[in-house]
Amino acid sequence: MMCRMLILSLVSMLLAAGATGPAQAEPAPRIVSLAPHLTELAFSAGAGDRIVATVDYSDHPAAARSIPRVGDAFRVDFERVLAMRPDLVLVWAVGTPEPTIERLRSLRLNVVVFHTNRIDDVASSVREIGRLAGTGAVAEAAATRFERRIQALRMQYQERPVVSVFLQIDDRPLYTVNGKQIMSTIVELCGGRNVFAQLNELAPAVGIEAVIAANPQVIITTDHLALDAKLSWSQWRHIDAVRHDNVYTLPANDLSRATIRLIVGVEAVCRTLDTARQHLGMAAAPHAGVMPEAIDR
């Protein structure tokens, strides 16, 4: 359950991109960030030295580890926030509970809500933080570099044969993500299809029977799990991913945090899916060996 809560706290389930909040007349010299990935985005935007407080698990870059804490994703010490005299408080749509956001607003703090559930939201969020902090030039450069690398990967992998993928974020019980979660959009960019993309919940529990029925060609787990993924799945030899040795473990932070570092996760997933295609013996032609219904993305 805690693992599921962590995933939920690292992503947004809303479809809108960007940030919403009061207009910012002057650059904000004192910022409180209530999300680890927003703290990291602030550093990318050139505003890291303006963050006077943040929350637990704000560990990147290294300078973020020494910033005072005012709570975590679920509990915030409002007195400590006020004591920091922030000009701006950064929150995000799902990871920060709505009662927390409303309480901050009732204290007459300048709150900006960010939505970061898709890859493209990373660049727009960096730009918005740069605008609010008065570091627009640095932010624009970082956002542009990110967009160019992402676009290059889109072009490189857009014609790859589609493979079906099961994303495992917890094992007891078995949890996955739907198509609105940023890990799923990474898989899609790399030419994959999340077998549970259609589910309504952002991080739903699924039974092993559902995974067997979906019969994914690839299983990707994250490294925070305390299991040996290949060994754990080895008993289910009738699943294509297991039969073709396509069970992989990738770093959780590279896949779930909507930051500039997400490019590392995208590259890793794309390489992994290419390896999986080799194991499946797929031809180089687009969509070779894939049923027509799997091509519709």
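Quick note: residue numbers are just sequence positions, from 1. A quick note: this is a predicted structure, and the numbers were derived from the prediction, not measured.
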Flag, side chain of [X] to backbone of [Y], donor-acceptor distance under 3.5 Å:
X      : Y      : result
Ser164 : Gln217 : yes
Asp77  : Gly71  : no
Arg237 : Val242 : yes
Ser232 : Ala229 : no
Thr144 : Ala141 : no
His244 : Leu280 : no

Q.
Surrounding CD of Gln235 (heavy atoms of other residues, nucleotides or ligands, distance under 6.0 Å), is the total greater than 12?
A.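 Atom CD in Gln235 is crowded, with more than 12 foreign heavy atoms closer than 6.0 Å.
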(Q) Is it true that, when you exclude Arg85 itself, more than 12 heavy atoms of the residues, nucleotides or ligands shown sit nearer than 6.0 Å to its CZ? (A)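 No, the 6.0 Å shell around CZ holds no more than 12 heavy atoms from other groups.
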**Q.** Candidate list Asp228, Thr222, Thr221, test side chain to side chain donor-acceptor pair (under 3.5 Å), partner Thr249, passing option
**A.**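 Single pass found, and it is Thr221.
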Closest non-hydrogen atom pair between [X] and [Y], with its separation:
X      : Y      : value
Ile186 : Val266 : CG2-CA, 3.8 Å
Ser256 : Ile182 : O-CG2, 4.0 Å
Phe43  : Ala63  : CE2-CB, 3.8 Å
Leu132 : Val112 : CD1-CG2, 4.0 Å
Ser33  : Thr39  : OG-OG1, 2.8 Å
Leu189 : Arg154 : CD1-CG, 3.4 Å

Please examine the side chains of [Y] and [X], heavy atoms only from C-beta on, and report whether any two atoms are closer than 4.5 Å.
X      : Y      : value
Asn246 : Ile219 : no
Asp56  : Phe74  : no
Asn110 : Asp87  : no
Val165 : Asn194 : no
Lys230 : Asp245 : yes
Val122 : Leu41  : yes
His238 : Trp236 : yes
Gln168 : Val211 : no

(Q) Could you measure the distance from the OG1 atom of Thr135 to the CZ atom of Arg50? Nearest 0.5 Å is fine. (A)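 The OG1 atom of Thr135 sits 6.5 Å away from the CZ atom of Arg50.
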Q.
Using 0.5 Å steps for rounding, measure from the OG1 atom of Thr96 to the CD1 atom of Ile101.
A. 5.0 Å
Q: Apply side-chain hydrogen bond (donor to acceptor under 3.5 Å, both in side chains) to Asp254 and list each qualifying residue two or more places apart in sequence or on a separate chain.
A: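 Here no residue qualifies.
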Q: Would you please name every residue forming a side-chain hydrogen bond (donor to acceptor under 3.5 Å, both in side chains) with Arg30, sequence neighbours left out?
A: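 Counting only residues at least two positions away or on another chain, Arg30 forms no side-chain hydrogen bond (donor to acceptor under 3.5 Å, both in side chains).
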Q | Within residues 263-275 or reaching into it, pairs that qualify as side-chain hydrogen bond (donor to acceptor under 3.5 Å, both in side chains) - sequence neighbours excluded | A |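 Checked against side-chain hydrogen bond (donor to acceptor under 3.5 Å, both in side chains) - neighbours excluded - the pairs reaching residues 263-275 are Arg149-Glu267, Arg160-Asp274, Asp274-Arg277.
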Q.
Please enumerate all residues that pass ring pair (Phe, Tyr, Trp, His ring centres under 6.0 Å) together with Phe146, with sequence neighbours excluded.
A.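 For Phe146, no residue satisfies ring pair (Phe, Tyr, Trp, His ring centres under 6.0 Å) once neighbours in sequence are set aside.
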**Q.** Identified salt bridge (charged side-chain N to carboxylate O under 4.0 Å, His left out) partner of Asp59 from the options Arg65, Arg69, Arg257
**A.** Arg257
May I ask whether [X] and [Y] are part of the same hydrophobic cluster, defined by side-chain heavy atoms of I, L, V, M, F, W, Y residues being less than 4.5 angstrom apart, directly or through others?
X      : Y      : answer
Ile239 : Val162 : no
Val126 : Ile150 : yes
Val247 : Val195 : yes
Leu262 : Val264 : yes
Leu153 : Leu255 : yes

Q) Does the side chain to side chain donor-acceptor pair (under 3.5 Å) test come out yes or no for Thr116 and Ser125, once each step is laid out? A) CA-CA 8 Å; Thr116 53; Ser125 296; 5.8 Å; no
Q) Got a sec, which pairs hit ring pair (Phe, Tyr, Trp, His ring centres under 6.0 Å) with one end in residues 176-219, sequence neighbours left out? A) Phe166-Phe196
Q. With Leu34, which of Val111, Asp72, Leu104 fulfils side-chain contact (heavy atoms from CB on, under 4.5 Å)?
A.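 Checked Val111, Asp72, Leu104 against Leu34; only one passes side-chain contact (heavy atoms from CB on, under 4.5 Å): Leu104.
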Q.
Starting from Val138 and following side-chain heavy-atom contacts under 4.5 Å between hydrophobic residues (I, L, V, M, F, W, Y), which residues can be reached?
A.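 Via sub-4.5 Å side-chain contacts, Val138 links to none.
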